[in-house]
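Whatever order the structure lists them in is the order used to number ligands and atoms, beginning at 1. All residue numbers refer to positions in the sequence shown, counting from 1.
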Amino acid sequence: MRYAILSDIHSNAVALMAVLEDLERRGGADELWCLGDIVGYGPDPHRCIELLRRLKCVCISGNHDLGAIEEVSLASFNPDGAQAIRWTMRQLSAEDASFLSRLPPTLEKDGFTLVHGSPRQPAWEYIISLSSAQENFPCIQTPYCLVGHTHIPIAFKKEGASVSAIPLSESIGQVLGKTPLILNPGSVGQPRDNDPRASYATYDSGSGIFRLHRVVYDVKAVQERIFNAGLPMRLATRLEHGV
Ligand code: ZN
């Protein structure tokens, strides 16, 4: 089986389309997984939900998805994020909102736990440090865990009592073996690792290789759509720097 793992699309349909085209060029995937934050920040929430639904993508919820259906308070978001969520609420069809409200906070599939933030706090915790990874490994019942939320691609591995970080890059595939791993594919729609290219990963259960991919997309077109929608300008400028 070939899996494509996407996270933090954030209503960036241009980046999502570029990722899906890149995936096709690589031979496609049998299953598409999305680790939450389909909406928020960006200008195309309806289009992103529509695309994922059409592709029968396996999705879990992120904090912005929950914000857009008023499952969490807007007070939990920074001012730009909250403004974008208020705007997003007005763009969603009843079907879109119903789709978001049915997303589970976590899923176990084919040896992976899928979660947006962390196993112990699915919507909110950032696994960004060795200590946060260390504290979450005991909460994982599957060999591997996929997380998003930080918008930064990275892996954490646990060997005995020690946890270490492994940088993920396009050039080196990660062979998934017996070592427990937490893997983050980065963000499709708002990367924050100083690389503006859309980020996603593939996993081939035949070879056991997990691989990161980066995709150039038309950032200017998205910036223009953010501007025309009246969304905060910072949400447009950060895209060209990947921050
Ligand atoms: Zn996010």
Side-chain angles (χ1 to χ4, degrees), residues 5-16 19 32-45 47-49 51-52 57-69 71-89 91-92 96 99-100 103-107 114-119 121-129 132 136 145-154 168 182-201 212 214-215 217 219 222 226 231-232 234-239 241-243:
I5 302 136
L6 281 53
S7 191
D8 296 277
I9 295 165
H10 282 297
S11 300
N12 187 338
V14 176
L16 176 57
V19 160
L32 209 58
W33 292 353
C34 175
L35 309 176
D37 279 3
I38 301 167
V39 303
Y41 296 137
D44 288 301
R47 178 100 180 96
C48 290
I49 293 173
L51 269 168
L52 296 185
C57 180
V58 173
C59 299
I60 55 169
S61 59
N63 53 319
H64 287 256
D65 304 319
L66 295 171
I69 52 167
E71 285 284 321
V72 297
S73 156
L74 289 190
S76 329
F77 295 88
N78 65 48
D80 286 350
Q83 190 182 331
I85 286 173
R86 272 191 290 274
W87 178 87
T88 299
M89 286 173 185
Q91 315 303 315
L92 297 180
D96 294 336
F99 172 80
L100 293 180
L103 298 179
T106 173
L107 269 180
L114 281 62
V115 67
H116 181 63
S118 77
Q121 280 185 51
W124 292 105
E125 185 183 16
Y126 293 90
I127 300 189
I128 193 91
S129 63
S132 54
N136 271 284
C145 179
L146 295 167
V147 302
H149 197 37
T150 64
H151 300 205
I152 295 171
I154 194 165
L168 292 175
I182 296 173
L183 300 145
N184 188 324
S187 165
V188 170
Q190 195 196 78
R192 294 180 191 162
D193 60 339
N194 301 306
D195 181 342
R197 296 176 299 163
S199 186
Y200 79 104
L212 192 77
R214 300 305 290 254
V215 186
Y217 71 94
V219 171
V222 183
I226 289 175
L231 287 162
R234 198 179 96 82
L235 297 178
T237 49
R238 66 187 302 174
L239 292 179
H241 306 293
V243 293

Counting only protein N/O/S atoms, those under 2.8 Å from the Zn ion (ligand 1) total 4

Determine yes or no for a side-chain-to-main-chain donor-acceptor pair under 3.5 angstrom, with Ser11 supplying the side chain and Pro43 the backbone.
-> no

Side chain of Ser199, backbone of Val188: donor and acceptor closer than 3.5 Å?
-> no

Once the angle between the rings of Trp124 and His149 is folded into 0 to 90°, is it parallel (under 30°), tilted (30 to 60°) or perpendicular (over 60°)?
-> perpendicular

Using the ring of each side chain (for Trp, its six-membered ring), is His10 parallel, tilted or perpendicular to His151, with breaks at 30° and 60°?
-> tilted

Here the pair of heavy atoms bringing Val39 nearest to Asp65 is N-OD1, 3.1 Å

In plain terms, say whether Asp8 and Arg192 are close enough for a salt bridge, that is, a side-chain N and a carboxylate O under 4.0 Å apart.
-> no

